[in-house]
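The next block holds one structure in the form of structure tokens; read it before the comments.
Note that these values count all heavy atoms, side chains included, but never hydrogens, waters or copies made by symmetry.
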There are 2 protein chains.
Amino acid sequence: MDVSPLTLNRISVYLRCLRRLHEDGVSRISSQQLANKFHLSATQIRKDLTQLGGSGIRGVGYEVQPLIRRLTGALGLDQKHSLAVVGMGAMGSAFTRHIGFNHGSFQVAAGFDHDAAKIGQKVGDIVVKPTSAIGVVIPQLDIKIGIIAVPREAAQDLADRLVAAGTRSILNFAPVRLENSNGVHIRNVDVRIYLEELVFYLGADER
Amino acid sequence: MDVSPLTLNRISVYLRCLRRLHEDGVSRISSQQLANKFHLSATQIRKDLTQLGGSGIRGVGYEVQPLIRRLTGALGLDQKHSLAVVGMGAMGSAFTRHIGFNHGSFQVAAGFDHDAAKIGQKVGDIVVKPTSAIGVVIPQLDIKIGIIAVPREAAQDLADRLVAAGTRSILNFAPVRLENSNGVHIRNVDVRIYLEELVFYLGADER
DNA sequence: CCATGTGAACAAATTCACAGCA
DNA sequence: TGCTGTGAATTTGTTCACATGG
């Protein structure tokens with residue numbers, strides 16, 4: 001299948017909205033109602049949903065629970081996914097706790113750090129391991145998703161080691177564009193870039 | 001001026017690259033060299049830079065230091081910006097420490113939490129204040145940028161209170177699309193959405 | 001001559017408008 | 001009738017190709 005990241009991210013949003021509706025006991029909803037309720041675009045919801053094979057009822061709308069199941073399956077969220085966090089500083093441990101607390105399709109299965117003072121310590125449920133263990137632990141636990149939360153200088157090297165060990169996707173918090181060797185999917189999240197964006201629009205009036 | 005978020009985020013990236021070059025003693029660079037060195041597109045660099053009023057020298061390239069100054073000014077990074085972090089849980093305090101450590105154009109000037117156990121505690125340089133103090137502290141410190149790092153349910157209310165107190169831009173880590181009342185600029189950062197994206201592309205082969 | 005800056009071609013994403021079906 | 005699903009139109013973003021000028 002061929003879905004753009006933009007569409008995909010919106011699907012995630014829809015899924016969340018639908019789960020909330022389901023909790024509230026709503027069993028059917030039209031694209032228009034969904035759009036109104038969560039400030040989305042009705043046409044776009046329909047376009048996006050039909051990309052995964054539409055399943056609405058003309059004249060009625062969508063059945064909430066079947067649609068949730070459909071999207072959950074399409075995204076691959078019907079299985080548990082193990083994550084490895086590399087870098088157990090402020091970002092890495094916040095991420096670990098964040099995901100750990102939100103029992104969902106994800107669990108942090110391993111945490112690595114370079115710093116001897118952090119190795120052996122517990123963060124949430126996991127014990128921090130040395131980065132030298134990446135090559136052993138990643139294949140052992142069959143981890144396909146890695147989180148890079150280390151300083152800029154170390155990011156590329158650790159990403160390479162994750163990929164060499166079998167990681168197929170990387171969520172990168174370090175402020176570098178990582179070189180994506182062969183089919184590895186990389187998502188960069190750079191908080192400072194977002195702050196800079198906000199600053200620009202702050203001053204946009206004066207320009 | 002009228003610059004898209006996409007362009008703007010790339011400008012931030014260029015700025016970083018240029019700062020690294022400057023540190024390495026490079027005083028001139030062509031768009032092509034810049035593109036090669038950091039895996040970017042030369043044409044796009046030029047298009048983006050000319051949006052802020054091009055300043056390259058034909059046949060030569062760009063002067064690194066003047067360009068840094070130019071971009072820094074265009075983004076509004078030549079002044080210090082105070083931030084308020086709302087929600088001092090794992091995410092909020094990680095963010096605070098992250099920005100705090102990286103002395104740049106940003107400083108966390110205030111941190112708020114709802115939880116009595118956290119109020120009065122120090123996170124980095126700042127002392128956590130109750131959310132009830134938002135209305136007083138934000139105008140007092142003239143804070144224009146707020147960070148929302150609270151659970152979903154509380155996010156909209158706190159965003160509203162920030163805006164009412166004078167905040168003009170919000171970086172939102174909570175998993176909700178915040179309603180952006182009048183010209184307030186909102187940037188959503190939702191880690192779980194990015195993880196879900198990665199999962200989808202993991203399984204993309206089998207589909 | 002060589003790299004910038006830019007109009008024109010192209011591609012991607014969004015929105016519109018409506019045909020088609022429960 | 002009322003909503004989905006979708007081709008067509010539009011807008012937005014990227015790449016190409018080259019004229020321009022230091």
Would you kindly give the [atom1]-to-[atom2] distance between [X] and [N], to the nearest whole Å?
| X | N | atom1 | atom2 | value |
| --- | --- | --- | --- | --- |
| A/E63 | C/dA22 | CD | P | 15 Å |
| B/I29 | C/dC2 | CD1 | C1' | 16 Å |
| A/Q44 | C/dA17 | CD | P | 17 Å |
| A/L34 | D/dG5 | CG | P | 13 Å |
| A/Q51 | C/dA13 | CD | C1' | 10 Å |
| A/L8 | C/dA13 | CG | P | 12 Å |
| A/D48 | C/dA12 | CG | P | 17 Å |
| A/Q32 | D/dT1 | CD | P | 18 Å |

Exercise for review: Map A/L6 and A/T43 onto DNA chain C by nearest heavy atom, then report which one ends up closer to the 5' terminus.
Suggested key: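 Between the two, 5'-proximity favours A/L6.
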
Which sits closer to the 5' end of DNA chain C, A/P5 or B/G59, going by the nucleotide each is nearest to?
->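 In this pair, the answer is B/G59.
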
For [N], take OP1 and OP2 only and decide whether either is under 4.0 Å from a side-chain N or O of [X].
| X | N | answer |
| --- | --- | --- |
| A/S30 | D/dG2 | no |
| B/Y62 | C/dG5 | yes |
| B/R46 | C/dG5 | no |

Q. Taking atom types as modelled and ignoring hydrogens, do the side chains of B/S4 and B/T7 form a donor-acceptor contact shorter than 3.5 angstrom?
A.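 Distance-only check passes for B/S4 and B/T7.
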
Touch class at under 4.0 angstrom, heavy-atom based, for B/S31 against every strand present: sugar-phosphate

- prompt: Taking side chain as C-beta onward, heavy atoms only, is B/I147 less than 4.5 Å from B/T96?
  reply: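 No - every pair of side-chain heavy atoms lies 4.5 Å or more apart.
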
Nearest listed nucleotide, side chain of [X], among [options]:
| X | options | value |
| --- | --- | --- |
| B/R58 | D/dA8, D/dG13, D/dT20 | D/dT20 |
| A/R10 | C/dT6, C/dT14, D/dG5 | C/dT14 |
| B/I57 | D/dG5, D/dT14, D/dG22 | D/dG22 |
| A/S4 | C/dG5, C/dA13, D/dT6 | C/dA13 |

Answer yes or no: is there a donor N or O on one side and an acceptor on the other, between the side chain of B/D113 and the main chain of B/M88, under 3.5 Å? yes

Salt bridge (charged side-chain N to carboxylate O under 4.0 Å, His left out) pairs touching residues 143-157 of chain A, sequence neighbours excluded, are A/D142-A/K144, A/D157-A/R161

Residue pairs meeting salt bridge (charged side-chain N to carboxylate O under 4.0 Å, His left out), one or both in residues 4-25 of chain A, sequence neighbours left out, come to A/R10-A/D48, A/R16-B/D190

Legend entry - base_contact_polar (D/dT6 base, A/K47 side chain, donor-acceptor, <3.5 Å): no

